[in-house]
Amino acid sequence: MSINKLRNIGIAAHIDAGKTTVTERILYFTGTNRKLGETHDGQATMDFMKQEQERGITIASAAITCKWNDHQINLIDTPGHVDFTIEVERSLRVIDGMVAVFCAVGGVEPQSETVWNQADRYRVPRIAFVNKMDRTGADFEAVVDQMNKYLDAKAMPLQIPMGAEDNFTGVIDIIKRQAITFEDHKRQTIEIPAEYIEKVNEARKALIEKLADFDDEIMELFFDDAEIPDEKIISATRNACLKLLITPVFCGAAYKNIGIQLLLDAVIDLLPSPIDVGSVVGNDLDIEDKTHTRIPSASDPFSALAFKLINDPFVGQQTFIRIFSGKLTNGMQIFNATKGKYERIGRIFRIKAKQREEISEAGPGEIVALVGMKFTKTGDTLCDPENKLLLESIHIPVSVIELKIQAKNKKDNNKLGEALAKLVNEDPSFNARFDEETEETIISGMGELHLEIIIDRLLDEFKMEVEVGEPSVAYRETINETVESNYKHSKQTGGKGQFAHTVIRMEPNHGNGYEFVNLIKGGVIPNEYIPSVDKGIRKIMDRGILAGFPIVDVKVVLLDGTYHPVDSSDMAFQLCGIECFKQGFKKSNPTLLEPVMKIEVNTPDEYIGDVVGNLNRRRGKIESMRRYRKGSQKITGTVPLMEMFGYSTQLRNITSGRANYSMEFFNYEPLPLATQEEVLKKIADKKNN
């Protein structure tokens, strides 16, 4: 198939906007599914994990291939819940275009904004679909206004709905000036009802005026008051959409099969092929600041990005990749530029949710799954061994919440470690570590639901029963003052001893992570031992000093030191680096940092005082309040995560269940001194007990 006829698209939205139902209808109308799957009865094709079916939400982004009008569509359905934002992030890195689904009643909701901002960061062209037009309270124009007001979406309706709520009967295409109704899954074109003609003409004129800003030919025809061909309007709309100058807006009711075929037409007509997206740029592995370009052509050297790993009980680990250039064939040797390792391609699959079709080769633009990869993880670049390059990786959000877990049966501890290792491989926003001091396994993730799903999967997929502690906050440690530290490590134990001596300066490095600077001159420490000092410091930073939390935002400058020609070694300088850093850290006025969350609460007007008061008591800072819908407001602010446990229950109580909220990680901030003392005392008490 021609690359021009390929579309890699994602479907993304706020939770409950109906995007999985939209996807199910797309699969039905493209002939991929013979029956309709519903989210509410756990039959959705794309929600094939047991946890997704039980909760009626999407957790893992699922990939599927379907065909429409002689085009191939690789479709990725992504989660709407903020705890699984990594799934959206990695999908956006590999798709070419996006369908943003909005609820006609809810409009622009918190996660809609998060997803939109993520798509902006990757500059993904998108179209919008206003779903649930048949629901009570549906308001198409209000949603378009919110898209412009809150997302700066430059939203331009290409359809207007005929009616709303119970009276929603179909849509009107303002370019072709046709009314379309849907009966028994079939679309029928009818004359535009008289009461809509003026509205259609106004909407068409507004679209043409907007396009005239970007297209000289349309501008001339518009000023000459000449008729503009439909094909010209569609091509100009496509060009503007690809350049992110407008967001075309469509509408329908997926559950009632209204508007889906027209949405598929729009995907083909308006969203980019890999050719439209053009070349990708990667860095040379050996020469700094040198880049290489790969165009989406089978004749260019192979390049691809691994964006997801799944453990399949039947074929083992599946590595999902997006091919940007070149051709991939069975048995081919490729190079993992991120890991510096060679891989041999085993089997290649085209994925249809939980079904798979084995293929012998795949070309540019394709999204496929590989089986048999040994080293490749999420975000790794795969390339031709003779033409190496490194592509931009995937942004991975930090984990902010922790749980202590242990196997119910102590004999299963090794099995638990293996299961957690597989889950960490799959999900880069999930971490697991073993605390040797307390002999506890600690898992961390994006939120309470995220870790709840992990525990469910341990039981369901790995048959591991675990005991779970209370969720706790993933603090960080840092320094507040610049200090120098001088430490000499010297041990004689009979035979060869250990000797290393380092002098370091430690500086606060707020927001810039860890930096190691080598200022050694004259070989007072040999070059081969410099990385050993860095390695030792990294080890102690991972373990923490103040309370066992990772240390962040420290710049370490290696100033001086000495060595012994016989007793110095890699291990001696690692141990010296650890102790030198530890002593400096204790003198540097260390502090705990706590995760602070960005929160949005949507609440009816009558509860606004109670909601704000409750957030203030939780050390929250209100940034803005704005009209959300008639009779309700959206509160935006920040609040420390440690104050948010149990918030959903309390919010439900104080608003009679009528408010909802969303929160995501914002940044790390120093704990107030009094709170820090309380936290440290609790940690010390736990260790003593």
N-O pairing of Glu677 and Lys682 below 4.0 Å
no
Run the numbers on Asp380 and Lys339 for salt bridge (Lys or Arg N to Asp or Glu O under 4.0 Å), then give the verdict.
CA-CA 8 Å; Asp380 286 2; Lys339 298 284 191 300; 2.8 Å; yes
Given the side-chain rings of Tyr647 and Tyr661, with only the six-membered ring counted for Trp, is the space between their centroids under 6.0 Å?
yes
Thr441 and Gln406: CA distance, side-chain angles, deciding distance, side-chain hydrogen bond (donor to acceptor under 3.5 Å, both in side chains) verdict:
CA-CA 6 Å; Thr441 299; Gln406 61 180 36; over 6 Å; no
Could you walk me through whether Thr655 and Val611 pass the side-chain contact (heavy atoms from CB on, under 4.5 Å) check?
CA-CA 8 Å; Thr655 64; Val611 171; 3.8 Å; yes
Distance alone, cut at 3.5 Å: any donor-acceptor contact between the side chains of Arg121 and Asn117?
no
If I compare all heavy atoms of Arg433 with all of Glu402, which pair ends up nearest, and what's the gap?
NH2-OE2, 3.2 Å
What one should report as the nearest heavy-atom pair of Phe102 and Gly107 is CD2-O, 3.9 Å
If you measure from CG on Leu546 to CD on Glu477, what distance do you get to the nearest 0.5 Å?
4.5 Å
Among side-chain atoms of Asn509 and Glu515, is any donor-acceptor pair under 3.5 angstrom?
yes
Here's a test for you: under side chain to side chain contact (heavy atoms under 4.5 Å, CB included), which of Ile599, Thr638, Ile635 qualifies with Glu623?
Thr638
Passes salt bridge (Lys or Arg N to Asp or Glu O under 4.0 Å), Glu358 versus Arg350? Steps please.
CA-CA 6 Å; Glu358 188 160 359; Arg350 188 170 283 129; over 6 Å; no
Under 4.0 Å between a side-chain nitrogen and a carboxylate oxygen: does that hold for Asp96 and Arg322?
yes
Closest approach of Arg25 and Tyr255, non-hydrogen atoms and distance?
NH2-O, 3.2 Å
Let me see the working for Asp685 and Lys681 under salt bridge (Lys or Arg N to Asp or Glu O under 4.0 Å), right down to the final yes or no.
CA-CA 6 Å; Asp685 289 347; Lys681 186 174 183 302; 3.4 Å; yes
Step by step, work out the side-chain contact (heavy atoms from CB on, under 4.5 Å) result for Ile334 and Ile345.
CA-CA 7 Å; Ile334 56 174; Ile345 298 301; 3.4 Å; yes
Begin with the C-alpha distance, continue with both residues' side-chain angles, and end with the deciding distance and a verdict on salt bridge (Lys or Arg N to Asp or Glu O under 4.0 Å) for Arg457 and Glu452.
CA-CA 9 Å; Arg457 291 186 63 192; Glu452 190 184 312; over 6 Å; no
Does the ring of Tyr150 carry Lys634 above it, NZ/CZ under 6.0 angstrom from centre and within 45° of its axis?
yes
Please find the pair of heavy atoms, one from Pro672 and one from Glu594, that lie closest to each other, and give the distance.
CD-OE2, 4.1 Å
Between CD on residue Glu643 and CZ on residue Arg617, distance to nearest 0.5 Å
12.0 Å
Could you check whether the rings of Phe320 and Phe307 sit parallel, tilted or perpendicular, using 30° and 60° as the cut-offs?
perpendicular
Taking atom types as modelled, find out whether Asn8 and Asn74 have a side-chain donor-acceptor pair closer than 3.5 angstrom.
yes
Take Asp412 and Val466 through the side-chain contact (heavy atoms from CB on, under 4.5 Å) test and state the conclusion after the steps.
CA-CA 10 Å; Asp412 288 338; Val466 293; over 6 Å; no
